Structures are given as C-alpha cells and as structure tokens.
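Working notes, beginning with the structure itself.
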Amino acid sequence: MSWILEAQKPYYITTPIFYVNAVPHIGHLHSAVLADTFKRFQELKGRRAILSTGTDEHGLKIQQAAQQAGLKEIELCDKVSQHFKDLFDAANISYTTYIRTTEPRHAVAVRELWDQLWARGYIYKGQHEGWYSVSDEAYYPSTQVEEKTNEKTGEKYHIATETGKQVEWTTEENYKFKLSAFTDKLTEWLDQNPEAILPKGRHQEVQGWLKSGLADLSISRPKSRLTWGIPVPGDDSHVMYVWMDALTNYLTVTGYPWKDLSKDEKAVCGWPADAQIVGKDILRFHAVYWPAFLMAAELAPPKTIIAHAHWTQSKMKMSKSIGNVVDPFTAMKEFGTDTIRFYLMNDGGLADDADYSSEMVTARYRKLLAGQLGNLLSRSTSVALNPSSLIPSAPETDNIHADDMLLREKMQRLQSTVDEALSGYRTTQATQAIFDMLAEANAHFSFAEPWKLVKDPSKKDRLDVVLWHTLEAIRLSALMLQPIMPSKTSEILDQLDIRKDERSWEFAQLGRGWEIEREKRRVVIGGPPMFPPLNATK
RNA sequence: GGCGGCGUAGCUCAGCUGGUCAGAGCGGGGAUCUCAUAAGUCCCAGGUCGGAGGUUCGAGUCCUCCCGCCGCCA
C-alpha cells in the first residue's frame with residue numbers, strides 16, 4: 001500500500017536556484033550535473049522524475065546592479081537568467097522546470113507560505129537592530145564586526161570581519177520567523193534520519209548548529225530600502241527577505257499551494273523532494289531555515305540534502321580577483337559536454353574540495369574515455385575481426401573459458417555496485433566500478449588475442465565468445481554511464497545496435513543485450529573513434 | 001577558544017563492525033602484442049599506514065596524549 005503511493009510519487013530532485021548577480025561558473029554546473037545524473041538514473045529505473053533548476057532574482061544586490069547598469073531589474077534578470085539557461089542547455093541538463101522567482105506563480109506560492117506561517121503564529125513583528133551591511137544584505141553580530149579608521153580623514157567606521165564590507169548600526173522594524181521554536185523538531189528530524197544530510201560530516205555539522213540553539217530569523221526588509229522583492233502580504237511597507245522568497249521555489253515547482261488539485265494529483269505533485277543538491281556554502285539555509293519553514297507550514301522536509309564541496313584551481317579558491325575562475329562554456333567547448341560531465345562526476349568532491357585542472361580533464365579523457373572505453377569499442381568493432389558485423393550469440397556454458405570468468409564476474413556484479421553507488425549519491429564510486437570492469441575487459445581481450453583466432457577458421461567459436469564478451473562489456477558500461485554521459489553513450493549503444501527500449505536499468509545485466517532478433521542486427525564496424533584525440537596543443 | 005573531521009606509496013585517494021589491510025588509479029621506470037584512437041596488455045613502488053604510549057593473542061582499524069592540516073561555530 002505505502003509502496004504503491006511511493007511508486008506513484010515522482011522522484012523530485014532540485015538544484016539550487018542561482019543568484020543572477022554573477023555569471024555561471026563550474027560550481028553551478030557541478031550542482032546541475034549531479035542533479036541531472038541522479039534524475040536520469042531514476043528514469044532509467046523506470047520512475048518518473050522531476051528536475052528543477054532556475055534562478056533567484058530578487059534582492060538588494062540585483063536592485064543595485066540593475067541601477068548601475070542602467071537597466072530595469074527585470075531586464076537584468078532576463079539577461080542573466082537566460083545565461084544560466086544556456087549553460088544548462090549546453091550541458092544537456094534535462095530539467096523539467098526552469099523556475100524564476102520573478103514569475104507570478106512563484107509569488108503566489110511565497111505569499112501562501114507566508115500566510116500559512118502567519119496563521120500558525122510563527123511570524124511576528126519585531127524590532128531589529130544591529131550591524132547591517134548593505135552590500136552583503138545581512139546583519140552581523142558585534143563579535144563579527146571590527147572598527148576601522150580611515151587613514152585620510154580619521155573617521156571611524158566598521159566592517160564585517162567575514163566579508164570586509166562596511167556595516168552600519170541600523171534599527172528597523174522587521175517581521176521575524178520563530179526559528180527558535182524549531183530547534184527540537186529539527187534535532188529530532190536529523191536524529192531520526194541519519195542520512196537526511198549527505199555527506200555525513202555535513203549532517204553532524206548541522207546537528208552542531210542546532211545544539212547551540214537557534215535565534216529567530218528576520219524575514220522581511222523595509223520597502224524603503226528594498227523594493228525588488230515580493231511584498232509581505234497585508235503590509236506593503238515590507239518586502240520579503242530573499243532567502244524566504246528563494247527557498248520557496250522548491251514548492252512553487254510542485255504547483256504549491258496545490259489549491260485546485262485532487263488528493264491523487266496532490267500525491268504525485270512531487271513534494272517532498274527526494275533530493276536537494278546544494279553547495280556547502282548554502283547548507284544553513286537549506287538544512288535549517290528551509291526545513292523549519294516547512295515544518296511550520298506542516299509540510300514534510302526534503303528526504304535528502306546533498307551538500308557538495310567546491311572546486312579549487314591550483315589549490316586556490318576560485319575568485320574573480322585571482323582570475324582563476326573556470327568558465328564552464330569554454331571547458332565544454334574545448335573538451336566536449338560529456339567529457340566535462342564525466343570529469344565532474346568522476347573527480348568532483350562531495351566532502352572535500354577538488355582541484356580542477358585542464359590537465360586532469362585531458363588525462364581522464366585520454367586514459368579512460370578514449371583509452372579504455374573508446375578504444376575497446378574500436379577494437380571489438382573492427383573490420384578485421386568482425387567483417388560480417390554480426391552480433392555473436394551469447395555463449396553456451398560449455399563454451400565459456402576459465403579465462404572469461406573474472407570478466408564475467410565483474411560484469412555480473414556491476415549493476416548492483418553502480419546501483420548502490422548512485423542510489424547513495426556517490427558518483428565516483430559508480431564511475432570507478434565501471435572503468436574497473438572495462439579495464440578487465442581490455443585485459444581479457446588482449447589475453448584472448450582475437451587477432452590470432454580470426455586467422456584460424458577452426459577457432460571461430462572461440463572468437464565469437466571473445467567478441468561477445470567484449471561487446472557485452474561495452475554495452476553494460478555504456479548503459480550504466482547513460483546518466484552521466486547521455487549523448488556519448490547513446491551513440492555507443494546505437495553503434496552496437498541496441499534498441500532504445502533496451503536501454504533501461506533492467507537490461508544492465510549480463511546477457512540481456514540483443515535478446516530478440518539478434519540475427520537481424522548489425523554493429524557498426526570500422527566506425528570513426530568515439531572519443532577522437534584531443535587537439536594536439538594541450 | 002569550543003565542536004567535528006582528517007593526516008595511508010611522488011600525486012589523488014580506497015580500506016565497514018580489529019586478524020591476506022599494507023591497496024587502487026595517476027605519474028615514473030622496464031617489457032610486449034598489433035585487433036584498435038602510437039591506444040592496449042604485462043612487470044616494477046619495498047610506503048615506520050603523522051608521532052608516542054596503551055588495550056588485545058593480534059591495530060591504519062579501538063583508547064589516551066602530542067604534532068600538523070581542514071571544516072563549522074565563537
């Protein structure tokens with residue numbers, strides 16, 4: 001009964017929505033490819049899946065940036081939002097919803113959530129004073145503020161230690177959310193769901209935050225200062241704080257407030273999210289504020305929050321001032337979309353920052369994609385070894401050699417290994433298992449020396465057994481790499497004449513290729529390299 | 001300062017509940033096949049598993065302390 005409902009509910013995964021005050025960098029792409037990989041994995045397993053991404057467009061920074069650029073806010077948003085969309089299109093991110101916080105439907109959702117919190121008494125009007133930084137759009141506790149003296153004028157001023165931006169003592173009236181009332185509930189949630197936040201270290205980190213207690217959260221700004229935002233319902237003199245606004249996007253995507261939906265329709269709207277991908281820098285918003293808002297509205301928190309680490313370059317944090325920001329458009333143009341997707345999933349850090357380098361991308365391409373996968377495809381579909389382009393039949397037990405056993409065992413185990421890895425959001429484990437099997441397939445091929453077998457007609461049976469195992473290894477790895485490299489794997493499976501309806505997860509088992517009409521099928525022999533050499537310059 | 005984590009071959013890292021756990025990949029060195037994208041395959045690393053104690057028949061694997069990193073919080 002419960003699993004029936006579970007099965008009906010689509011898998012819902014989100015990326016953060018990206019703030020339009022900056023251009024896309026490799027970290028944004030990393031979030032998106034993670035989400036896309038897991039979404040495609042679920043679809044491969046036959047579950048309907050929703051993937052949402054989009055842009056966060058309100059707030060003072062946008063208001064200011066637009067002013068400086070001489071644009072209307074929405075014009076600036078349109079432009080940058082499109083830029084992000086272009087990136088995700090170029091990266092083959094199969095989002096089902098591209099949400100923008102300036103859309104009317106989003107305002108509806110945000111106002112509804114506000115009303116829900118208000119009706120339940122979790123919002124109150126309070127006086128807020130403290131050190132406020134206009135450019136950071138944030139208040140800082142006095143412990144995080146330092147006094148400085150202007151050397152020329154002798155005037156004293158204050159800055160936020162963390163960002164170095166100037167702060168001023170400010171008093172204003174704010175609406176506040178009773179976050180403090182949720183400390184216990186959040187703690188309970190995390191205690192009962194030890195994998196609610198991945199990786200484990202982040203889970204512990206959030207538990208640590210809760211241990212020291214939570215203060216109420218200011219969730220509005222006076223309109224006198226911030227106009228570019230969603231007005232507080234019933235009080236036009238206040239505009240909602242950007243995070244309150246932004247986080248709600250995950251509900252907007254599901255059609256919240258679900259007013260006109262039947263019970264059945266509501267059950268399949270997607271909420272609660274199965275996975276929410278975030279960068280580690282925005283964990284607090286997603287793992288504390290967001291679940292608290294949801295609990296306050298009596299909605300379920302997301303099932304899993306995955307906080308990934310960042311990319312560094314030469315071990316240094318990427319930043320504009322150092323000029324070491326990796327442009328994802330350039331990278332994909334240079335190496336190919338699927339190469340970058342593979343690199344991000346194979347080398348990207350979940351717990352720890354990973355170092356990005358073109359040399360490493362090149363190395364992965366040469367050794368793994370071209371050297372192992374591409375090359376094995378070429379050698380097993382060569383004109384010399386299989387001029388007929390026929391697909392050998394799956395070998396009878398009697399024809400299986402002792403030399404085939406190790407490869408067969410690895411192929412047999414691979415599906416569950418990869419399934420377990422991707423289900424646990426560990427992409428590196430998945431790619432490593434696949435390429436470990438491929439390496440074995442290359443070794444098996446070399447050891448069997450099919451180029452000798454082909455010269456001896458009496459060895460035809462053995463040749464077929466060797467070729468079959470090799471083609472099968474490629475089929476399995478391409479099939480399971482589909483979530484990570486959708487385009488290239490599609491080409492490979494095409495070349496092997498695997499039908500579209502034979503590419504789902506259930507076919508990722510040894511012997512489940514070419515099950516019907518095998519004799520009619522043909523592999524493409526002597527085709528061009530699947531992963532041709534990169535331009536010699538790098 | 002408090003809490004948490006980490007420190008394993010040149011590099012990046014696997015090593016769950018203690019007993020083939022001293023490993024993989026890359027880089028480097030050597031050899032080799034020729035089906036293939038000069039790709040592939042095979043062999044080679046003798047690293048005190050940060051240091052010192054302790055528990056145990058037995059410890060990268062548990063405990064204590066020290067050193068060095070990193071994260072979060074203050």
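Proteins get letters first, then strands, A, B, ... in listed order; numbering begins at 1 in each. If you're wondering where the values come from, they're calculated on a predicted model, not measured in any experiment.
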Phosphate contact (B:G40 OP1 or OP2) by A:K367 side-chain N/O below 4.0 Å: yes
Proximity to the side chain of A:W451 - top-ranked nucleotide from B:G40, B:U37, B:U34: B:U34
Options B:U41, B:A36, B:C33, nucleotide nearest the side-chain atoms of A:N375: B:A36
Donor-acceptor pair between A:T489 and A:Q482 side chains, under 3.5 angstrom: no
Whole-Å distance between [N] [atom2] and [X] [atom1]?
X: A:M530; N: B:A36; atom1: CE; atom2: P; value: 17 Å
X: A:N442; N: B:U41; atom1: CG; atom2: P; value: 5 Å
X: A:F285; N: B:C72; atom1: CZ; atom2: P; value: 13 Å
X: A:Q207; N: B:G5; atom1: CD; atom2: C1'; value: 14 Å
X: A:F447; N: B:U34; atom1: CZ; atom2: C1'; value: 17 Å
X: A:E205; N: B:C72; atom1: CD; atom2: C1'; value: 4 Å

Closest-nucleotide ordering on RNA chain B, the 5'-leading residue of A:G201 and A:K455: A:G201
A:D36/A:R40 salt bridge by N-O under 4.0 Å criterion: yes
A:D419/A:K45 salt bridge by N-O under 4.0 Å criterion: yes
Ring geometry between A:W169 and A:W131 (parallel below 30°, tilted from 30 to 60°, perpendicular above 60°): perpendicular
Pair pattern of RNA chain B in dot-bracket, where unpaired bases get dots and | marks partners in another strand, Watson-Crick or G-U under 3.5 angstrom: (((((((..((((.........)))).(((((.......))))).....(((((.......)))))))))))).
Residues A:R521, A:E502; criterion salt bridge (Lys or Arg N to Asp or Glu O under 4.0 Å); working and verdict: CA-CA 13 Å; A:R521 303 205 204 179; A:E502 296 169 335; 2.7 Å; yes
